[in-house]
Protein chains: 2
Amino acid sequence: MLRSRPRKPVRKQPRRYHHGDLPRAMLQEAVQTIQTHGTEALTLRGVGERLGVSRTALYRHFADKQALLAAVATEGFRSLRVALFEAWDTGGRGREGFDAMGIAYVRFAVAHPAHYRVMFGGVVRPADGSQEAGDLGTDAFQVLVDAIVEQQQRGLVRGDDPRQLALYIWSVVHGVAMLALDGMLPPPTQADALVKFANERLRTGIAP
Amino acid sequence: MLRSRPRKPVRKQPRRYHHGDLPRAMLQEAVQTIQTHGTEALTLRGVGERLGVSRTALYRHFADKQALLAAVATEGFRSLRVALFEAWDTGGRGREGFDAMGIAYVRFAVAHPAHYRVMFGGVVRPADGSQEAGDLGTDAFQVLVDAIVEQQQRGLVRGDDPRQLALYIWSVVHGVAMLALDGMLPPPTQADALVKFANERLRTGIAP
DNA sequence: ACCTGAACACCGTTCAAGT
DNA sequence: ACCTGAACACCGTTCAAGT
């Protein structure tokens with residue numbers, strides 16, 4: 001709608017080979033389709049059509065639709081990892097940066113809801129090519145673990161196992177993100193408010 | 001596999017009308033199919049076939065596949081609400097019961113992963129008949145809010161807005177559940193361990 | 001009212017064939 | 001190697017017609 005790029009490029013010339021990086025083009029198309037029209041609107045035939053390529057050409061680069069979705073998930077984890085580290089780093093690598101990380105996490109999910117669901121929606125099975133996605137998920141997770149360790153060294157966080165602390169905190173932001181995506185937090189700014197509240201509770205606990 | 005019930009009932013008689021509660025039968029079939037073979041294996045044609053009913057008969061009771069999935073989600077929220085209240089109530093409606101609630105929540109998700117994903121996977125859009133599902137989600141949520149209020153009255157929980165506290169705690173258990181479903185917590189017992197840890201952190205906070 | 005078969009449009013995927 | 005059209009099996013959904 002907001003894009004001026006035409007959906008179906010009209011070819012007056014006879015169909016020619018797609019010179020260039022077709023796998024990358026497919027991935028971009030898939031990500032964009034999911035972002036603007038939802039995952040259920042993603043069809044291999046549509047991707048090929050919009051790229052001016054035959055339907056079966058895609059199978060040269062991705063084993064099947066699952067593999068393409070796995071690549072989409074991988075791309076998402078890569079972006080998420082970058083966003084998290086940036087928030088942590090520019091936030092001063094302390095209490096403030098950590099809070100910024102939480103906000104950045106939820107904002108990423110809210111800004112790319114369908115993409116986020118592909119990353120965590122169970123579409124990517126542990127069986128098929130999701131190992132890469134899992135590793136990248138671990139990479140994003142590692143940013144969180146590192147941030148915790150650094151805070152522990154500064155005496156900002158208690159000395160529990162940083163991996164378990166990270167799992168706990170990931171659970172919180174992931175949970176907030178999912179609730180936001182499911183519309184459980186009516187006003188859109190409510191998500192930020194909940195993250196802020198969650199950050200406070202994470203620090204001081206709920207005991208009176 | 002473990003069931004002895006035949007997949008495709010053989011009818012030697014000419015097809016007869018399905019006397020009985022077809023909507024309920026459909027819902028049960030859908031829930032069972034999702035539980036045992038995954039959501040992607042759920043097809044209206046298959047449901048009809050297994051029920052000994054024509055494909056189009058289903059449309060008399062559910063507008064479309066989305067509506068059937070919405071009913072599945074509703075059923076899930078109902079079960080979850082029961083499981084949560086039971087854990088809270090038999091746990092003594094105190095600190096122990098509250099911890100039991102958290103464990104019960106995650107166990108429900110782990111025991112019915114596909115069903116849980118239908119409830120929270122965004123399949124049920126806010127647009128179509130998901131209002132009932134949303135209301136039931138609110139019902140399950142209310143159990144949590146009530147538990148918090150009761151603990152506040154007993155001086156077990158600080159006097160914050162119980163609704164926001166409930167959202168926060170729901171985020172935690174929901175996040176743990178999703179991570180467990182995505183296989184981020186390798187050993188299966190790891191989920192229980194994380195919930196236990198989360199329950200502790202919820203009480204005392206992560207500040208040193 | 002409730003159910004039926006036939007038909008439509010649309011998928012993912014495969015395959016023999018082209019350059 | 002990379003791409004193509006045709007074909008196959010399988011969906012969700014609609015519709016005129018039966019009881």
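Letters A, B, ... mirror the listed sequences (proteins, then strands); counts begin at 1.
- The side chain to side chain donor-acceptor pair (under 3.5 Å) search around A/Asp160 returns A/Arg158, not counting sequence neighbours.
- Residues passing the side-chain contact (heavy atoms from CB on, under 4.5 Å) test with A/Ala147 are A/Trp88, A/Phe98, A/Met101, sequence neighbours excluded.
- Following rounding to the nearest Å, A/Glu40 (CD) and D/dG12 (P) show an atom-to-atom distance of 15 Å.
- When rounded to the nearest whole Å, the span between CZ of B/Phe62 and P of D/dG12 equals 15 Å.
- The phosphate of C/dC2 has neither OP1 nor OP2 within less than 4.0 Å of any side-chain N or O from B/His61.
- Every residue two or more places apart in sequence or in another chain was checked for a side-chain contact (heavy atoms from CB on, under 4.5 Å) with B/Glu96, and none qualifies.
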Query - DNA chain D base-pair string [pairs: Watson-Crick or G-U under 3.5 Å; |: paired with another strand] - result: ||.|||||...|||||.||

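- For B/Ser79, the side chain to side chain donor-acceptor pair (under 3.5 Å) test picks out B/Glu75, with sequence neighbours left out.
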Tabulate atom names and distances for all N/O pairs under 3.5 angstrom spanning the protein and nucleotides 13-17 of chain C.
from   : atom 1 : to      : atom 2 : distance (Å)
C/dT13 : OP2    : A/Tyr59 : OH     : 3.1
C/dT13 : OP2    : A/Lys65 : N      : 3.1
C/dT13 : O5'    : A/Tyr59 : OH     : 3.4

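- Legend: residues meeting salt bridge (Lys or Arg N to Asp or Glu O under 4.0 Å) with A/Arg24, ordered by chain and number and at least two apart, are A/Asp21.
- The number of heavy atoms from other shown groups lying within 6.0 Å of CD (B/Gln35) is above 12.
- For A/Ala114, the side-chain contact (heavy atoms from CB on, under 4.5 Å) partners at least two apart in sequence or on another chain are A/Ile34, A/Thr39.
- Atom CD in B/Glu49 sits roughly 17 Å away from atom P in C/dC3 (whole-Å rounding).
- A/Asp146 meets the side chain to side chain donor-acceptor pair (under 3.5 Å) test with A/Gln142; sequence neighbours excluded.
- In this structure, the CG atom of B/Leu58 is 11 Å from the C1' atom of D/dG12, given to the nearest Å.
- Side chain of A/Thr43, nearest nucleotide from C/dC11, D/dC3, C/dT4: C/dC11.
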